[in-house]
Amino acid sequence: QVQLVESGGGLVQAGGSLRLSCAASGSSLPITTMAWYRQTPGKQRELVASITGGDSTDYADSVKDRFTISMDKFSNSVYLQMNSLKAEDTAVYYCKMLQWPSQIYWGQGTQVTVRT
């Protein structure tokens, strides 16, 4: 059974940094894409960053030049380094995995709160 376990969320001052981690276990098929999404109350979940093939990345405009996504193929883990955090980055962050050919899995979410 595939599981995604996230960690690294918490409370941070504006301008600070956090690093989110997501470890996938139980996956026996290739992982094509891993991504981070975030959601605030009353809003749709939005894509923050994705990584495909282990090195092709994409970012939401709001986080470009501040966030960096990376992946460890050997441990099936994905990371999100978040720098220069702003109040508007406050959200629950979710890890998403796309397993070949098209199976999608989500983590349970981790809260990030940026205090001004």
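Sequential numbering from 1 along the given sequence is applied to the chain's residues.
- Contacts of Lys64 classified as salt bridge (Lys or Arg N to Asp or Glu O under 4.0 Å), with partners at least two apart in sequence or in another chain: Asp61.
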Hey, can you pull the donor-acceptor pairs under 3.5 Å for the side chains in residues 1-8, sequence neighbours left out?
residue: Glu6; atom: OE1; partner: Gln108; partner atom: N; Å: 3.1
residue: Glu6; atom: OE1; partner: Gly109; partner atom: N; Å: 2.4
residue: Glu6; atom: OE2; partner: Cys95; partner atom: N; Å: 2.5

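- Between Val63 and Val48, the closest heavy-atom pair is CG2-O, 3.6 Å.
- Residue pairs meeting the salt bridge (charged side-chain N to carboxylate O under 4.0 Å, His left out) criterion with at least one member in residues 65-84, sequence neighbours excluded, are Arg66-Asp89.
- Proximity of a side-chain donor or acceptor of Thr90 to a complementary backbone N or O of Val114 within less than 3.5 Å is detected.
- In this structure, Trp106 belongs to a hydrophobic cluster whose other members, linked by side-chain heavy atoms under 4.5 Å apart, are Tyr37, Leu47, Val92, Tyr94, Leu98, Ile104.
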What pairs of donor and acceptor atoms, side-chain ones from residues 11-21 against any protein atom, are under 3.5 angstrom apart with sequence neighbours left out?
residue: Gln13; atom: OE1; partner: Arg115; partner atom: NE; Å: 2.7
residue: Gln13; atom: OE1; partner: Arg115; partner atom: NH2; Å: 3.2
residue: Ser17; atom: OG; partner: Asn83; partner atom: OD1; Å: 2.9

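- Of all non-hydrogen atoms in Ala91 and Thr40, the two that sit nearest each other are CB-CG2, 3.7 Å.
- Pairs of residues two or more places apart, or lying in two chains, never qualify as salt bridge (charged side-chain N to carboxylate O under 4.0 Å, His left out) while including a residue from residues 95-111.
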Q: Just do the side-chain hydrogen bond (donor to acceptor under 3.5 Å, both in side chains) check on Thr113 and Gln111 with the steps written out, would you?
A: CA-CA 6 Å; Thr113 302; Gln111 176 70 46; 3.3 Å; yes
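- Inter-residue side-chain proximity for Ile69 and Val78 is flagged as met; some heavy-atom pair is nearer than 4.5 Å.
- Under a cut-off of 6.0 angstrom, the local environment of CD in Gln44 is sparse, with at most 12 non-hydrogen atoms contributed by other residues, nucleotides or ligands.
- One hydrophobic cluster, built from ILVMFWY side chains closer than 4.5 Å, cannot hold both Tyr79 and Leu85; they sit in different ones.
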